[in-house]
Amino acid sequence: MTVKLTNAQIAWRAAQDIQDGAYVNLGIGFPEMVAKFKPKGREVIYHTENGVLDFGEAPPAGEEDWDLINAGKKAVTLNPGASFFNHADSFAMVRGGHLDVAILGAYEVAENGDLANWSTGPKSVPAVGGAMDLVHGAKRVCVITDHVTKDGKPKLVERCALPLTGVGCVTTVYTSLAVVEIIDKRFVLREKLPSISMEDLQAVTGAKLVVEGACKDLIVPEV
Amino acid sequence: MTVKLTNAQIAWRAAQDIQDGAYVNLGIGFPEMVAKFKPKGREVIYHTENGVLDFGEAPPAGEEDWDLINAGKKAVTLNPGASFFNHADSFAMVRGGHLDVAILGAYEVAENGDLANWSTGPKSVPAVGGAMDLVHGAKRVCVITDHVTKDGKPKLVERCALPLTGVGCVTTVYTSLAVVEIIDKRFVLREKLPSISMEDLQAVTGAKLVVEGACKDLIVPEV
Amino acid sequence: MNKITPSIEDAIAGITDGMTVMIGGFGGSGAPIELIDALVARYKATGSPGRLTVINNNAGNGAVGIAAMIYADMVAKMVCSFPRSTDSRAFTERYQAGEIELELVPQGTLAERIRAGGAGIPAFYTPTSFGTDIAKGKPVAEFDGRSYVQERWLKADVAIIKAELADRKGNLTYNKAARNFAPLMAMAAEKTIVQARQVVEPGAIDPEHVVTPGIFVDMVVEIADAKQEEALLREAALVKEGAGA
Amino acid sequence: MNKITPSIEDAIAGITDGMTVMIGGFGGSGAPIELIDALVARYKATGSPGRLTVINNNAGNGAVGIAAMIYADMVAKMVCSFPRSTDSRAFTERYQAGEIELELVPQGTLAERIRAGGAGIPAFYTPTSFGTDIAKGKPVAEFDGRSYVQERWLKADVAIIKAELADRKGNLTYNKAARNFAPLMAMAAEKTIVQARQVVEPGAIDPEHVVTPGIFVDMVVEIADAKQEEALLREAALVKEGAGA
């Protein structure tokens, strides 16, 4: 099983499902990459927890305004129609269900929609940020992740072993091998790489993959 | 007992206790009169529930802007340094304890600080407005009122008979005959008209008036 | 993304029987008269939308705005803090005849419940109304030795509000005290329909000055010369005085 | 009424041992560096104010701002959502040595708790953290079939924040995303101390554009050329790189 999507390709695939006019929050790090692959012709409005709506790309090096940053503390620019607001209003947008899509990374996703993405255990300094709010706000809570850990262990599991970020909150998982929706506490397989068999995919997945209707080929260009 | 303060004189007396730099909310109607008697040299900032801080006097007739009104739906003007905000922020100022003084009218005030000022019973259309919030927000909650009803019945009572606006909320009562503070669920008499005897004042008061230290003469100019 | 709708009828087309409708305004300031007029006209022409629950600080005044909706018998229930006004005959008549339901909410609690609806807070505690008739039947709790009443969020199917400037992305400013409940209602409604005095290009409103970010807005109709409810009431009063003289 | 204080030392004079201090800023944007520097200088000179509880989204970065307070051993407890940063050595060292306490709060809950403190709401329910370790020991309740966690308000003795414009009545604007927690902290603290880039006459800020009304502000110090925390950190990193080369 040497064939799998790169992180960029996973981000590309997730980006295809973001509709024109969507309000989107991209988590810090890998999820930020999704913005690069917005399909042409679609207008997407990005929200960041620290109180900016409709921000744009990073400014050229040397032109940063460090009072104009995103939640990852990276400098950003503004699109026409941007707005600033305080943190309570920002999380009213999140918690109040006003975002269409939130995209986050994951350590583990369970078939019941539970997500673990904030703590690998009691050793490190705990830090949760806005993830616990984001998973309960957006209409679609999407995870992008490698299908397995660096050690080859499944990240899609029956029950999360790590500390939870949220209960029953994930709607879609985009992995390096497949696209999986969580429906009625089951992993419903929507797409898989054509190069991997159902058996091999199930073997690296920690919970049952259900096929309902068609399972399409997961086809992603080189990006 | 024909000698008593006019409404204007009650308002004048209440105005004397508003300190320089105070943030003040004046209830609709009679309490609005207090603004007229602000002692010279003091700067008082008025708050109105519908989202204006630091408004000024009424504009000349014909120059009203009906989008610039107070809670009594009267046209007002702005002082330099005024601000607009939404209703939730406006009541955050109230409920959050940021106002120094709120001045309201009353049907009844009880010695335990209970106030009844919103409903005279089940017959009329009930309407509460912002009074129930105001009585739990300001640092000083002052009532200005005639000492007795039109029928001569006491308005300062042991327990309110009418529906309550708030429990244990009133701090000071300015009446047509006296100034009374509510301390530890007792009416503590601070000032009374020199022309009325303690006995006569007690006779028109529905609960015991306590004197602690000096009871000063209530002296108010013609206004 | 273009939230501008040229037709006021199209803007309100999604409002149907039995919906809960938040209507911006405090007294006459901020009342979206043209949107209300279009609703009343549609009801008179088609019998819909009826049986509405209307959330507003007041319950109409004179015969315009919400009072016109009540007179047209479109309103089954009012949620408000102050249904009495200088001339609130429409509501008073229907209420005393038992033809309209009233949920009376203290003004600050009304504002906070609407904000809570918009912010995903299903319930909160407030000192307001503790120990009063308004608190009857509501859960109470003590925090740090003081007693509080639990209040629930308020949401709506639709909010109709009046703004000053708007852009195609739905960013809004307001005019003076006409702001009042509008930014909260825009957050708390499934769909927010705005009448704005002027539509401007995105970016024309300084990002620092946006009061309602576009995420809370669904449709915008430009009404350049909007009626002002208080001005209408005063005109009507003058006409009446004239007629009486 | 004049809330302008010429001396930064006078402005912070009321901050004493054991106080709870809210500090504006998200990462480096909005960090009131000069107010913090003055606090650290006073602590180093006098041993006070120490044993502080600091409320901020983060727990300091590099050796400036809150990190400088932690290095100076002024901070007994941090209340924050994200104490890990690119270079959060100061906090990490003290935390792993058991020398500093941490109350970890999800970012949206942190914002809402501070707003609740300012708005007189002692407790509210949020879906955030339900079923997680963060919710352990907190009351939970079900509303409309969904489970929520009860969270309490957060208040402080003092807030120190950074603003863009200020007038003598305390009205404030902010610069871009430096706004973040500052308007909430100004509401939730007993005393709010502001460093503003520029002091202007009352009325110079349009009443429509005031972000924090003066009622929430107690003292204002004008700091025209304030340091920017992120810029300081990048300068420090460059110096270090240079030294290492």
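Throughout, a chain's letter reflects where its sequence line sits, starting with A, and its residues are numbered from 1.
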Say you draw a straight line from CG of Asp67(A) to CD of Glu164(D); how long is it, rounded to the nearest 0.5 Å?
8.5 Å

With respect to chain D, which residue among Ile69(A), Leu68(A), Val52(A), Asp114(A) yields the maximal number of heavy-atom pairs within a distance under 4.5 Å?
Ile69(A)

Quick one: pull up CZ in Phe84(A) and CZ in Arg179(D) and give me the separation to the nearest 0.5 Å.
8.0 Å

CZ of Phe82(D) to CD of Glu49(A), rounded to nearest 0.5 Å, is 10.5 Å

If you count heavy-atom pairs under 4.5 Å between each of Ile134(D), Asn175(D), Leu104(D) and chain A, which one has the most?
Leu104(D)

Name the region of Tyr174(D), side chain, backbone, both or neither, that has any atom closer than 4.5 Å to a heavy atom of chain A.
neither

Turns out that what part of Phe181(D) lies under 4.5 Å from chain A's heavy atoms comes down to both

Which atoms of Val105(D) approach chain A - backbone, side chain, both or neither, heavy atom under 4.5 Å:
backbone

Of all heavy-atom pairs between Arg146(D) and His136(A), which one has the smallest distance, and what is that distance?
NH2-O, 3.4 Å

Do you know which two heavy atoms are closest between Ala111(D) and Ala88(A), and how far apart they sit?
CB-N, 3.9 Å

Out of Gly108(D), Ala135(D), Ser29(D), which one racks up the most heavy-atom pairs below 4.5 Å with chain A?
Gly108(D)

For Arg115(D), is it the side chain, the backbone, both, or neither that has a heavy atom closer than 4.5 Å to a heavy atom of chain A?
side chain

Pair Asn50(A)-Asn180(D), side-chain donor/acceptor within less than 3.5 Å:
no

Among Val135(A), Leu115(A), Leu164(A), side chain to side chain contact (heavy atoms under 4.5 Å, CB included) partner for Thr132(D):
Leu164(A)

Tell me if the aromatic rings of Phe26(D) and His87(A) count as close, with their centers under 6.0 Å from one another.
yes

Segment of Thr109(D) engaging chain A (4.5 angstrom heavy-atom cut-off)
both

Contact leader toward chain A among Gly131(D), Pro127(D), Ala178(D), where contacts are heavy-atom pairs under 4.5 Å
Pro127(D)

Any donor-acceptor N or O pair under 3.5 Å, side chains Asp133(A), Gln107(D)
no

What residue in Thr128(D), Thr92(D), Leu110(D) has the most heavy-atom pairs under 4.5 Å with chain A?
Thr128(D)

